[in-house]
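Working notes for the structure below.
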Amino acid sequence: MGERAEEFLSTFNRIEKELRNQLNNPANMGFSEMVRRLSKRKGVLVGNNENDLLQLAQLRNAIVHDQIADDFVIAEPNDWAVKRIAEIEEVLIRPEKVLPRFGKKVTGFEQNLPLRSIMEIVAEKRFSQFPVYHRGEFQGLVTLRTIGLFFAQASLEGPVNLEGKKAEDLLQSNGKSTNFHFVDAETKVAEVEEMFRAQTTLEAVLITKDGDPNGNLLGIIRPRDIYVQKEE
């Protein structure tokens with residue numbers, strides 16, 4: 001058996017072991033069935049790799065079961081197969097977490113911040129998310145969408161007057177628990193992707209060390225942060 005075949009089979013066996021662990025070591029379940037079952041689970045990284053895993057399983061079977069002699073196999077993995085199965089192993093066994101990729105300094109704002117000040121910040125600094133606090137306790141997330149909704153609703157009643165309006169008024173106009181979600185620093189990027197797919201109103205995922213809304217913000221993830229990078 002060639003060196004590439006041995007490398008391929010070793011990686012395949014480690015992936016198979018990981019799939020069994022994720023399914024609590026089922027008895028008498030083949031590799032392909034494990035892949036199909038796990039591909040349906042949310043937050044599990046098999047789904048995006050299902051087709052390649054099934055094809056690689058066929059190659060593995062050809063190497064193991066169709067071997068004519070110890071030093072000769074009918075099927076020999078090419079460079080793509082060896083590289084691809086190594087990539088899948090990396091994703092499954094060492095999945096990327098939200099940090100450090102999405103770590104950044106995030107500015108919090110007090111709920112009594114005047115709406116006029118928010119508009120100035122949007123114009124000058126191009127901020128699009130405003131985590132709002134009251135004495136260190138998280139109150140909600142103001143975004144360009146919530147600002148737009150506020151102005152749309154207010155304009156129906158006549159000219160919009162900014163005087164006396166504050167950040168907390170924007171939260172009240174759109175609710176404060178539908179457009180954000182908190183995760184801890186150990187959360188997988190794939191889990192965040194699933195959150196955005198499952199909740200269409202979700203505008204940002206906020207990162208704190210333990211997922212505590214009142215903890216220090218370590219980063220923020222918007223849908224475009226994930227999907228624009230994936231398309232590039």
Side-chain angles (χ1 to χ4, degrees), residues 42-43 95-232:
K42 296 180 179 179
E96 184 182 16
K97 298 176 182 178
V98 292
L99 294 182
R101 177 177 167 187
F102 296 108
K104 65 179 70 173
K105 182 179 179 180
V106 183
T107 302
F109 301 86
E110 280 295 317
Q111 67 176 19
N112 60 0
L113 180 70
L115 178 52
R116 185 177 297 277
S117 296
I118 292 178
M119 302 308 296
E120 291 173 353
I121 294 171
V122 170
E124 294 175 7
K125 298 186 177 181
R126 297 292 192 268
F127 282 16
S128 58
Q129 278 87 20
F130 297 80
V132 177
Y133 293 82
H134 177 56
R135 296 178 180 176
E137 292 189 3
F138 182 79
Q139 301 298 305
L141 181 69
V142 170
T143 66
L144 295 183
R145 178 176 174 273
T146 57
I147 293 172
L149 285 172
F150 173 83
F151 277 99
Q153 293 168 352
S155 66
L156 296 176
E157 302 174 3
V160 181
N161 184 4
L162 299 185
E163 291 302 321
K165 297 295 189 295
K166 302 176 181 179
E168 59 186 336
D169 296 314
L170 300 178
L171 297 177
Q172 292 170 359
S173 69
N174 191 48
K176 63 175 185 178
S177 61
T178 60
N179 66 338
F180 66 87
H181 190 85
F182 276 88
V183 298
D184 62 54
E186 295 297 309
T187 301
K188 300 173 186 175
V189 173
E191 293 177 271
V192 174
E193 290 184 32
E194 182 60 36
M195 291 174 191
F196 283 124
R197 282 194 293 267
Q199 187 177 339
T200 57
T201 58
L202 186 61
E203 295 185 80
V205 170
L206 301 158
I207 308 167
T208 60
K209 181 179 179 181
D210 302 314
D212 179 4
N214 300 323
N216 293 330
L217 287 173
L218 303 177
I220 187 169
I221 311 172
R222 301 158 299 178
R224 70 170 180 262
D225 293 328
I226 288 182
Y227 297 113
V228 171
Q229 289 186 32
K230 290 183 70 174
E231 292 171 2
E232 290 177 348

With Leu218 via side chain to side chain contact (heavy atoms under 4.5 Å, CB included) - residues at least two apart: Leu99, Ile207, Lys209
Test log, rule side-chain contact (heavy atoms from CB on, under 4.5 Å), inputs Thr107 and Phe127: CA-CA 10 Å; Thr107 302; Phe127 282 16; 4.3 Å; yes
Nearest-0.5 Å distance, CG of residue Asp169 to CD1 of residue Ile118: 9.0 Å
Residue list, side chain to side chain contact (heavy atoms under 4.5 Å, CB included) with Pro100, at least two apart or on another chain: none
Exercise: identify the closest heavy-atom pair between Val122 and Leu144: CG1-CD2, 3.9 Å
Intermediate values then yes/no, side-chain contact (heavy atoms from CB on, under 4.5 Å), Phe180 and Gln129: CA-CA 10 Å; Phe180 66 87; Gln129 278 87 20; over 6 Å; no
Partner residues of Lys97 under the salt bridge (charged side-chain N to carboxylate O under 4.0 Å, His left out) criterion, sequence neighbours left out: Glu186
Contact summary for Pro131 and Leu141, nearest pair of heavy atoms: N-CD1, 3.7 Å
Pairing residues for Phe196 by the ring pair (Phe, Tyr, Trp, His ring centres under 6.0 Å) criterion, not counting sequence neighbours: none
Nearest atoms (heavy-atom pairs only) where Ser155 meets Ala152: OG-O, 2.8 Å
Approximate separation, where rounding is to 0.5 Å, of Leu115 CG and Lys166 NZ: 12.0 Å
Under the side chain to side chain donor-acceptor pair (under 3.5 Å) test, residues paired with Glu110 that sit two or more places apart: none
Of all pairs that satisfy salt bridge (Lys or Arg N to Asp or Glu O under 4.0 Å), the ones with a partner from residues 114-123, not counting sequence neighbours: Arg116-Glu163
Flag if over 12 foreign heavy atoms under 6.0 Å of CG, Asn216: no
Pairwise distance CD1(Ile221) to NE2(His181) - rounded to 0.5 angstrom: 10.5 Å
Within-4.5 Å side-chain heavy-atom neighbours: Val205 and Phe102: no
4.5 Å side-chain heavy-atom contact, Phe109 and Ile121: yes
Between CD1 on residue Ile147 and CE on residue Met119, distance to nearest 0.5 Å: 5.5 Å
Counterpart residues, side chain to side chain contact (heavy atoms under 4.5 Å, CB included), relative to Glu157 (two or more places apart): none
Close side-chain approach of Met195 and Val183, heavy atoms under 4.5 Å: yes
Steps toward side-chain contact (heavy atoms from CB on, under 4.5 Å) verdict (Gln139, Leu171): CA-CA 8 Å; Gln139 301 298 305; Leu171 297 177; 3.8 Å; yes
Parallel, tilted or perpendicular: ring planes of Phe182 versus Phe138, cut at 30 and 60 degrees: perpendicular
Qualifying residues under side chain to side chain donor-acceptor pair (under 3.5 Å), relative to Thr208, sequence neighbours excluded: none
Minimal non-hydrogen separation, Asp225 against Lys104, with atom names: OD2-NZ, 4.4 Å
Note, Leu162 side chain near Phe151 side chain (heavy atom, < 4.5 Å): yes
Partner residues of Pro114 under the side chain to side chain contact (heavy atoms under 4.5 Å, CB included) criterion, sequence neighbours left out: Ser117
Separation of Arg222 CZ from Thr143 OG1 (nearest 0.5 Å): 11.5 Å
Value rounded to 0.5 Å, distance of CZ in Arg101 from CD1 in Ile226: 6.5 Å
With Asp184 via side chain to side chain donor-acceptor pair (under 3.5 Å) - residues at least two apart: Thr187
